[in-house]
Amino acid sequence: MHEDFFRYQAQTTPHPLAMEVSHAKGSYVYDKQGNSHLDFVAGVSVCSLGHCHPKVVKAIVEQTRKYMHVMVYGEFIQQPAVEFSKYLASLLPAKLETTYLVNSGTEAIEGAIKLARRFTGRSKLIAARNAYHGNTLGSLSLMSFEERKAPFRPLIPDISFLEFNSEDDLYKISMDTAAVILETIQGGAGFIMPKEGYLKKVKDRCSEVGALLILDEIQPGFGRTGSLFAFEHYQCIPDILVMGKGMASGLPVGGFTASYEIMNSLSDTPRLGHITTFGGNPVIAAAAMATLRELTNSNLIPETLEKEKHFRSRLKHPYIKEIRGKGLMLSLIMKNKDIANKLILSCAKKNLILFWLLFESKGVRITPPLTINTVEIDRGCDIIMQTLNELQQ
């Protein structure tokens, strides 16, 4: 299997971790050798309810017995997708009422770009430097890292950049702007939080010039920061909300939500202005509904803030210069990138799963399942602290 993985499956890096997975449950991933690995990453913020949560598995099994794919998105009335979209709307501000379901976060960004251009009749987009919105061509175009963009040019035009958290850059949002696209919390850049009042000022400027505000909640959404979506912490309601990752506790899904008026502009002139074959898949929508119900009918979301405090109290070391983020979207900012690399790789040998951040080389990701308990947090923190003490010697 190891040789086949490298020969027949396309690789994303020269040196993948290459753990051969047997099964996964709760906060643990099990390898073929029978070892249990405590998961502080959750598939990169995906497995909100841990691995193979029984309510999610039950919803998947029940739906597969009824029907799976029957028609492309938007043509047939399929109960799981309708119920999920309606329930989500009941939890969001009134103007965020209509959801377009797709297959991933980056596909949702693509749809949001098209929606903003179609609704406003404008083409210019403004993104933030150091942002990460995905890797399809449209999402890649919103990235400021030229070394990652250059091999794939030409990308989509009419995109400019502002500095995240810089009020001095708000003047760049003009009457020509279709939309400003921001991560509510910058992920790949190192879990950069918005300054108090910043997002509201961006929204006010957008409203002033007739531009739309798109907030990317692909990573912080679905309870990870102590509210259903991170924008709720910042008194700022986007015109278009983008989501993904943790929506269905491990199944591939994404979505973008807007007002009925804005979203309806994709339905005509041209017809089929945005289409997807598998978006709104009933099995995945059933998993998303089970995830959302469990998140909102339990204490998991508010508990993320208590678990954050526990992590912060346990992870104090001279090599940890800062802990960024909120809730269970945390990043250890190490003294240097060499220590970050050694920590991740050394902990892997001790059966603790940590991971890197995309652009912040000193960052170490801690985004465990929201279902993780205090005993598991303590166990993982003990391994981290032991490893850092060994590196310090």
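Note that the structure is predicted; figures quoted are calculated from it, not measured. In this chain, numbering begins with 1 at the start of the sequence shown.
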List the atom of Ala112, the atom of Val242, and the distance in Å for their closest heavy-atom pair. CB-CG2, 3.8 Å
What are the two closest non-hydrogen atoms of Ala178 and Arg122, and how far apart are they? CB-O, 3.6 Å
Of Arg65, Lys58, Lys66, the residue whose pairing with Glu62 passes salt bridge (Lys or Arg N to Asp or Glu O under 4.0 Å): Lys58
Any side-chain to backbone donor/acceptor pair from [X] onto [Y]? Under 3.5 Å, distance only.
| X | Y | result |
| --- | --- | --- |
| Asp268 | Pro270 | no |
| Glu360 | Lys362 | yes |
| Ser346 | Leu343 | no |
| Arg205 | Ile173 | yes |
| Glu183 | Gly187 | yes |
| Glu110 | Gly138 | yes |

If we only count heavy atoms from C-beta on, is the [X] to [Y] side-chain gap below 4.5 Å?
| X | Y | result |
| --- | --- | --- |
| Arg224 | Lys326 | no |
| Lys335 | Gln392 | no |
| Pro368 | Asp39 | no |
| Pro194 | Ile185 | yes |
| Asn103 | Pro252 | no |

Test question: given the 4.5 Å side-chain rule for I, L, V, M, F, W and Y, name all other residues clustered with [X], or answer none.
| X | answer |
| --- | --- |
| Ile77 | Val82 |
| Val70 | Tyr67, Met71, Val72, Phe76 |
| Leu137 | Tyr132, Leu140, Met143, Phe145, Phe152, Leu155, Leu358, Phe359 |

Same cluster or not: are Leu352 and Tyr319 linked, directly or through other Ile, Leu, Val, Met, Phe, Trp or Tyr residues, by side-chain heavy atoms under 4.5 angstrom apart? yes
Do Phe311 and Leu305 belong together in a cluster built from hydrophobic side chains that touch within less than 4.5 Å? no
Residues in side-chain hydrogen bond (donor to acceptor under 3.5 Å, both in side chains) contact with [X], at least two apart in sequence or another chain:
| X | result |
| --- | --- |
| Ser267 | Asn264 |
| His310 | Asp378 |
| Glu97 | none |
| Asn35 | Asp31 |

Ignoring hydrogens and angles, state whether a donor on the side chain of Ser85 or Thr99 is under 3.5 Å from an acceptor on the partner side chain. no
Can you find a side-chain donor-acceptor pair between Ser139 and Thr106 that sits under 3.5 Å? yes
Which one of Ile344, Val364, Asn341, Leu391 satisfies the side-chain contact (heavy atoms from CB on, under 4.5 Å) criterion with Met334? Val364
Scan residues 226-248 for pairs that pass side-chain hydrogen bond (donor to acceptor under 3.5 Å, both in side chains), counting only residues two or more places apart or in two chains. Thr225-His233, Ser227-His233
Which pairs pass side-chain hydrogen bond (donor to acceptor under 3.5 Å, both in side chains) with one or both residues in residues 166-182, sequence neighbours excluded? Glu167-Lys201
For the residue pair [X] and [Y], categorise the inter-ring angle as parallel (less than 30°), tilted (30 to 60°) or perpendicular (more than 60°).
| X | Y | result |
| --- | --- | --- |
| Phe6 | His2 | tilted |
| Tyr100 | His274 | perpendicular |
| Tyr30 | His23 | parallel |

Taking the six-membered ring for Trp and the single ring otherwise, decide whether the centroids of Phe355 and Phe40 are under 6.0 Å apart. no
Enumerate the ring-ring contact (aromatic ring centres under 6.0 Å, His included) contacts for residues 187-221, please, sequence neighbours excluded, ordered by first and then second residue. Phe164-Tyr198
Taken in chain and number order and not counting sequence neighbours, the residues that satisfy salt bridge (Lys or Arg N to Asp or Glu O under 4.0 Å) with Asp338 are Lys342
Who are the salt bridge (Lys or Arg N to Asp or Glu O under 4.0 Å) partners of Arg312, not counting sequence neighbours? Glu308
